[in-house]
Trainee: 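To start, I am sharing the structure in question, which I have written as structure tokens.
Here is the naming used below: chain letters follow the sequence lines, and residue numbers restart at 1 for every chain. Since the model is a prediction, treat every value here as computed from it, not as a measurement.
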Amino acid sequence: MPYDHKKIEKKWQKEWEKSGIYKTPDEVKGKENFYTLVEFPYPSGNLHTGHWYAFSVPDIFARKKRMERKNVMFPIGFDAFGLPAENAAIQRKINPKKWTYENIDYMRKQIKSMGASFDWTREVITSDPEYYKWTQWIFLKLFEKGLAYQAETPVNWCPKDKTVLANEQVVGGKCERCGTEVVQKNMKQWMLKITDYAERLLSGLDKLNWKEEIKEAQKNWIGKSEGAEIDFEVKNSKEKIKVFTTRPDTLFGATYMVLAPEHPLISNFKSQISNFKEVEKYITEAKKKTQLQRQKEEKEKTGVELKGIKAINPANKEEIPIWIADYVLMGYGTGAIMAVPAHDERDFEFSKKFNLPIVDRPLIDKDEIVKKVGGKKVIQYRLRDWVVSRQRYWGAPIPVIHCEKCLTQAVPEKDLPVLLPEIKDYKPRDDGKSPLAKAEKWLKVKCPTRLPDGQECGGNAERETDTLDTFVDSSWYFLRYCDPKNPKAFASAEKLKTFMPVGLYSGGAEHTTMHLLYSRFFYKAMFDLGLVPKELGDEPYLERRNRGIILGPDGQKMSKSKGNVIDPDEYVEKFGADTVRMYLAFLGPYNEAGSYPWNQQGILGIKRFLDRVWKITSPRSSTLGVESPKTPSVFPRSDVARLLHKTIKKVGEDIEKFSFNTAISALMILLNEMEKVGASAEDFGVFLKLLAPFAPHLTEEIWSKLGNKNSIHTEEWPKYDPKLIEETTFELIVQINGKVRDKFEAPAGISEAEATSLTLSREKVKSILGDKKPSKIIFIPRRLINFVI
RNA sequence: GCCGCGGUGGCGGAACUGGCAGACGCACAGGACUCAAAAUCCUGCGAGAGCAAUCUCAUGAGGGUUCGACUCCCUCCCGCGGCACCA
């Protein structure tokens with residue numbers, strides 16, 4: 001009989017909630033604290049398969065750690081501000097706040113249906129004023145230190161979402177959220193100086209226990225390159241043009257220079273450039289192109305010579321022409337290059353197209369030439385400062401005030417949080433202004449700045465109307481979990497010390513160069529500001545593991561338009577939460593960037609397994625506690641014990657590695673064996689404990705049916721006996737010339753001489769060897785013997 | 001183009017530190033139970049040859065090291081991911 005998953009699962013979820021067994025105290029005597037974290041979800045409205053994969057599988061790990069007597073913090077919350085929620089609300093013509101909080105209520109229920117061991121008393125919602133007060137507070141700390149600043153720069157503008165985006169949110173020239181092609185605009189925006197931390201973000205990776213591919217992705221994003229800055233004089237002028245090059249050793253081969261079309265020096269030479277009209281035209285054209293267009297036009301080079309001016313190659317004093325071309329980018333290096341067509345593919349192409357000279361001069365000592373021409377060694381990073389202001393409603397208001405007299409001022413700490421006002425029209429606008437700009441009452445304030453005489457300025461002022469990017473909210477949420485209700489601080493130093501740093505952080509690969517990079521930066525900056533206790537170090541996550549993605553049954557990414565979306569609720573209804581979570585864990589190794597198609601048949605295998613676990617304990621067919629005289633034992637009793645202890649070892653080690661699939665396979669093998677030869681009640685209890693993290697409801701039900709009063713989840717994780725695992729015999733593989741020809745059971749401690757004579761007495765071996773003598777014998781204890789003839 | 005990860009049956013995937021390739025599960029085939037079906041249980045299941053014991057081939061391709069290679073080295077092909085006219 002299959003078990004009644006609906007009844008059982010509901011019953012225990014209620015029971016756990018009542019008893020609060022997953023509540024994590026700050027400290028427990030004699031227990032070590034362990035912080036395991038999963039990325040909190042957007043309240044998008046419905047829990048999908050990806051959420052199940054993201055939450056219920058790492059829950060196995062959290063549960064096992066708890067059974068290992070660790071004081072495990074496994075918190076959850078909602079990343080509730082930001083575009084996804086807001087866009088969905090607008091689409092449905094609902095107020096974003098109402099929409100978000102209704103979704104949270106619904107999704108909270110859905111998440112609870114997983115039977116995950118989250119501590120809900122630590123729940124954090126980033127759109128709660130109690131939370132974003134501290135987002136604003138931290139922002140102001142960065143502002144005080146000059147790490148948050150406002151500046152006019154070229155930024156990415158998404159015409160559909162009508163807001164600026166950070167570089168990290170532009171993927172292949174398109175908006176990461178809606179896929180619209182972004183355009184470049186010059187706008188005054190708030191930015192965070194993440195570039196100040198480029199080197200530490202890079203070098204900090206070394207000591208982290210992260211997979212190579214995750215580290216590499218961050219390294220590529222930061223994009224360090226070492227080179228030199230060298231000044232080129234402009235003939236008949238005092239101006240110099242600074243170039244950045246990673247190959248100063250090729251300086252003698254520089255036959256021309258190229259400036260980015262946006263280079264500020266161009267206008268200085270207006271009077272000397274004879275073809276200025278043509279130059280201007282080129283600049284205008286270049287500005288019109290989007291990032292994507294510049295990329296799309298492949299490697300077809302365009303450019304215009306600045307006629308009438310020449311530069312001097314500082315190495316050989318030769319006069320060289322100056323060009324402008326859009327293959328040189330203003331945003332990188334100095335926005336100017338020395339072109340060495342003999343050594344650089346792009347320069348080569350350009351010079352071929354425009355008939356510029358190509359000379360192949362011998363290379364020269366790097367360091368020496370830089371010194372000789374008065375250049376200096378510099379390091380460049382690809383990383384740009386993080387644009388955090390958004391022209392959108394649903395976010396934390398940036399807590400500053402613009403006064404006519406005092407200019408831009410921080411909102412005093414006592415006035416935090418700056419509450420997000422309720423407004424009627426929260427739709428984004430085309431003019432680059434936030435919808436908050438229309439909230440007149442909220443907008444106009446008296447300047448609160450204290451003047452030197454102690455008086456408040458009191459002048460006419462306006463609030464900043466942009467809101468903060470969601471990624472700012474999520475850059476510190478893991479700290480709030482440590483002290484979620486604290487009204488006096490974002491988290492006390494004491495509480496931070498009890499749980500930070502995060503022991504294991506599990507999440508999606510898509511966050512590698514966004515959230516993961518941002519939050520590392522935040523933590524480092526907060527560390528420097530003394531907000532994070534020194535002894536914790538400046539890295540928030542000791543270990544990071546990325547999960548793969550679950551595809552539709554057709555092997556394609558799930559999407560409504562393809563009609564291949566799997567609704568987890570449907571499967572929970574049919575088979576139960578235990579089956580769904582265990583199936584997801586069984587699909588393949590979790591800690592890999594792979595992708596697994598959902599197999600509608602495959603889930604049946606897990607369902608069958610759990611039904612068999614149930615059946616083995618039901619009175620009729622039970623072999624529990626019975627020495628089972630009817631089923632003749634194929635294996636001696638000690639072999640079941642051996643398998644049991646091997647399984648304890650394997651399941652434990654596999655969970656640590658996130659190899660849940662092989663752990664489950666080991667449990668299946670053990671069950672198969674116990675069905676065959678029976679098991680004592682005690683042994684079965686051990687099996688149940690091993691299964692408990694995977695199927696928390698079913699195991700709890702059986703555990704209580706077996707007469708236990710406590711929860712199985714508060715039991716101690718079984719220990720294996722190393723002596724029991726040791727085999728007394730092994731199967732000796734007999735190879736002849738490296739090919740397996742025979743195998744037989746031999747004592748574990750057998751010597752080479754014994755093994756040789758035993759093997760040579762085997763009929764099979766005799767018949768193959770004939771009268772040939774082995775020229776060499778290789779004996780590997782506990783494994784094989786190989787005769788070379 | 002640079003960097004990283006990977007390529008194993010019909011499918012998802014196993015395989016210690018170089019030592020029986022294909023654990024476990026799905027699918028499939030045959031059988032038991034049943035009036036019948038579902039469910040369940042048992043057996044088989046990489047390819048080829050053979051009545052069979054067994055033999056040969058086989059981990060993307062080709063070479064190498066080794067008594068022995070999915071595993072190490074070289075060359076190449078393919079897939080996925082990051083970066084990319086970044087000087």
Side-chain angles (χ1 to χ4, degrees), chain A residues 1-2 171-172 211-225 227 243-248 250 254 257-258 260 294-295 297-302 325-329 331-340 343-347 349-350 380-383 509-510 512-513 546 548 555 583 586-589 592-606 608-609 611-612 615 621 659 661-669 671-672 675 731-743 764 774-780 782-789:
Chain A
M1 274 295 281
V171 180
K211 276 211 159 188
E212 198 51 34
E213 63 253 40
I214 310 178
K215 289 187 183 182
E216 275 307 311
Q218 286 210 349
K219 281 182 195 169
N220 286 343
W221 186 260
I222 295 165
K224 179 180 183 171
S225 68
V243 305
F244 172 71
T245 177
T246 54
R247 295 293 306 275
T250 64
M257 313 186 57
V258 187
R294 272 202 189 186
Q295 277 166 20
E297 280 158 20
E298 286 297 313
K299 304 270 147 89
E300 186 58 33
K301 299 273 183 299
T302 58
D326 65 3
Y327 82 92
V328 174
L329 309 170
Y332 186 79
T334 61
I337 61 156
M338 60 180 214
V340 188
H343 284 277
D344 185 285
E345 222 177 297
R346 293 151 304 182
D347 298 344
E349 218 180 296
F350 191 81
Q380 283 290 337
Y381 299 92
R382 209 197 63 96
L383 187 70
E510 71 275 17
T512 303
T513 55
N546 283 356
Y583 170 62
F586 188 58
L587 277 174
E592 260 166 45
S595 54
Y596 308 106
W598 177 280
N599 182 335
Q600 267 127 325
Q601 304 290 335
I603 192 168
L604 285 173
I606 296 293
R608 281 178 202 143
F609 170 76
D611 278 338
R612 279 163 53 206
K615 210 167 110 186
S621 57
S659 294
N661 54 333
T662 50
I664 292 170
S665 148
L667 288 168
M668 286 171 167
I669 292 168
L671 180 70
N672 289 347
E675 278 179 340
E731 196 173 36
L732 181 70
I733 307 299
V734 180
Q735 292 186 343
I736 291 164
N737 283 340
K739 284 190 176 157
V740 182
R741 292 295 140 146
D742 197 10
K743 45 185 99 171
K764 182 107 199 273
S775 62
K776 195 172 173 185
I777 297 169
I778 292 115
F779 175 70
I780 310 290
R782 286 170 178 275
R783 244 180 255 287
L784 59 77
I785 188 158
N786 186 11
F787 293 109
V788 184
I789 46 172

Trainee: Which nucleotide in the list B/G82, B/A27, B/A87 gets nearest to the side chain of A/Asn220?
Mentor: B/G82
Trainee: Regarding A/Thr512, tell me which of base, sugar-phosphate or nothing describes its non-hydrogen contacts under 4.0 Å with the strands shown.
Mentor: nothing
Trainee: Need one value for A/Gln218: base, sugar-phosphate or nothing, where a base atom within 4.0 Å counts as base even if backbone is also close, heavy atoms only.
Mentor: nothing
Trainee: Quick check for you: among B/G12, B/C83, B/A14, whose closest atom lies nearest to any side-chain atom of A/Phe586?
Mentor: B/G12
Trainee: Nearest to the side chain of A/Leu329, which nucleotide is it out of B/G19, B/A87, B/C55?
Mentor: B/A87
Trainee: Grab the CD1-P distance between A/Ile778 and B/C67 for me, whole Å please.
Mentor: 7 Å
Trainee: Between B/C24, B/G12, B/G19, which one does the side chain of A/Tyr596 approach most closely?
Mentor: B/G12
Trainee: Out of B/C85, B/C20, B/A87, which has the shortest distance to the side chain of A/Lys743?
Mentor: B/C20
Trainee: With a 4.0 Å cut-off on heavy atoms, is A/Asn786 in touch with a base, just the backbone sugar-phosphate, or nothing at all?
Mentor: base
Trainee: Rounded to whole Å, please give me the gap between CG in A/Leu671 and C1' in B/U40.
Mentor: 14 Å
Trainee: Within the structure shown, what part of the strands sits under 4.0 Å from A/Arg612 by heavy-atom distance: base, sugar-phosphate, or nothing?
Mentor: sugar-phosphate
Trainee: Using a cut-off of 4.0 Å on non-hydrogen atoms, how would the nucleic acid contact of A/Lys219 be classed: base, sugar-phosphate, or nothing?
Mentor: nothing
Trainee: Using a 6.0 Å cut-off, check whether atom CD of A/Glu731 has over 12 heavy atoms from anything other than its own residue.
Mentor: yes
Trainee: Between atom CG in A/Asn546 and atom C1' in B/G4, what is the gap in whole Å?
Mentor: 13 Å
Trainee: Side chain of A/Glu212 only, please: which of B/C85, B/C5, B/C83 is the nearest?
Mentor: B/C5
Trainee: Do the numbers put A/Lys301 on top of the ring of A/Tyr327, so that NZ or CZ is under 6.0 Å from the six-membered ring centre and no more than 45° off the axis?
Mentor: yes
Trainee: What nucleotide, of B/C26, B/C5, B/A84, holds the atom closest to the side chain of A/Arg382?
Mentor: B/A84
Trainee: Report which part of the nucleic acid A/Gly223 touches: base, sugar-phosphate, or nothing (heavy-atom distance under 4.0 Å, all strands).
Mentor: nothing
Trainee: Can you measure A/Arg741 atom CZ to B/A53 atom C1' for me and round it to whole angstrom units?
Mentor: 14 Å
Trainee: Would you classify A/Glu731 as touching base, sugar-phosphate or nothing, given that sugar-phosphate means primed atoms plus P, OP1 and OP2, and contacts are heavy atoms under 4.0 Å?
Mentor: base
Trainee: Atom CZ of A/Arg608 and atom C1' of B/A38: how far apart are they, to the nearest Å?
Mentor: 12 Å
Trainee: Decide side chain to side chain contact (heavy atoms under 4.5 Å, CB included) for A/Tyr332 and A/Ile337; before the verdict, give the C-alpha distance in whole Å, the side-chain angles of both, and the deciding distance to 0.1 Å.
Mentor: CA-CA 10 Å; A/Tyr332 186 79; A/Ile337 61 156; over 6 Å; no
Trainee: If I take atom CD1 in residue A/Ile664 and atom C1' in nucleotide B/C24, what distance separates them, rounded to the nearest angstrom?
Mentor: 10 Å
Trainee: From the list B/G13, B/G25, B/C83, which nucleotide is the closest neighbour of the side chain of A/Pro589?
Mentor: B/G13
